[in-house]
Amino acid sequence: MLDSELKEISESTKVAVTTVRRQLEKTLTEIREHGIARATGSLTPGINGFSAPVYDHSGNMVAAITSLGAIGEFDVEWDSPTAKAMREAAAALSHRLGFGGIPAE
């Protein structure tokens, strides 16, 4: 399914599929490193956001929490107060669901 989506993106953007895959891998590395994902106006023009995973007792991701705001008023730095609050809120929800700290792969 992923290969199919990467091919579709490649065809619609006229960017080589290997380049699209490298961009995805870079994004995934950032997400894993920071524990949250961020969007900076590319998906919805004028809107920035963070999304953080929520895990259950077995380490499976069961939900995500998301915070959105207007560009210029929403700080998308990885260490911003909003980013920290998102990570803390997701961790608290995960804890309430019995998550022990190691996500399932």
**Asked** Checking side-chain contact (heavy atoms from CB on, under 4.5 Å) for the pair I9/L24: CA distance, chi angles, key distance, verdict?
**Response** CA-CA 11 Å; I9 292 168; L24 172 62; over 6 Å; no
**Fill in**
Contacts of S80 meeting side chain to side chain donor-acceptor pair (under 3.5 Å) (sequence neighbours excluded), chain-then-number -> none
**Message:** If you compare all heavy atoms of P53 against all heavy atoms of A90, which two are closest, and at what distance to 0.1 Å?
**Reply:** O-CB, 3.3 Å
**Message:** Test: ring-ring contact (aromatic ring centres under 6.0 Å, His included). Region: residues 17-53. Which pairs qualify, not counting sequence neighbours?
**Reply:** H34-W78, F50-F74
**Asked** Are M86 and I71 joined in one hydrophobic group, where the rule is that I, L, V, M, F, W and Y side chains link up if heavy atoms are under 4.5 Å apart?
**Response** no
**Message:** Please determine whether side-chain contact (heavy atoms from CB on, under 4.5 Å) holds for the pair K26 and R22, giving the CA-CA distance in whole Å, both sets of side-chain angles, and the decisive distance to 0.1 Å.
**Reply:** CA-CA 6 Å; K26 180 182 176 213; R22 272 190 247 120; over 6 Å; no
**Asked** Listed by chain and number, what are the side chain to side chain contact (heavy atoms under 4.5 Å, CB included) partners of A64, not counting sequence neighbours?
**Response** S51, M61
**Prompt:** Can you pull the ring-ring contact (aromatic ring centres under 6.0 Å, His included) pairs that have at least one residue in residues 84-105, sequence neighbours excluded?
**Reply:** Y55-F99
**Prompt:** In the single-linkage hydrophobic clustering (I, L, V, M, F, W, Y; side-chain heavy atoms under 4.5 Å), do L28 and I36 co-cluster?
**Reply:** no
**Message:** Tell me which pairs pass salt bridge (charged side-chain N to carboxylate O under 4.0 Å, His left out) where either residue lies in residues 67-93, with sequence neighbours left out.
**Reply:** none
**Message:** Are I31 and I65 linked, directly or through intermediate hydrophobic residues, by side-chain heavy-atom contacts shorter than 4.5 Å (ILVMFWY only)?
**Reply:** no
**Prompt:** Ignoring hydrogens and geometry, is there a side-chain-to-backbone donor-acceptor pair from S10 to L6 under 3.5 Å?
**Reply:** no
**Request:** Tell me, please, which residues at least two apart from D3 pass side chain to side chain donor-acceptor pair (under 3.5 Å).
**Result:** R21
**Item:** CZ on R32 to OG1 on T27, rounded to 0.5 Å
**Value:** 11.0 Å
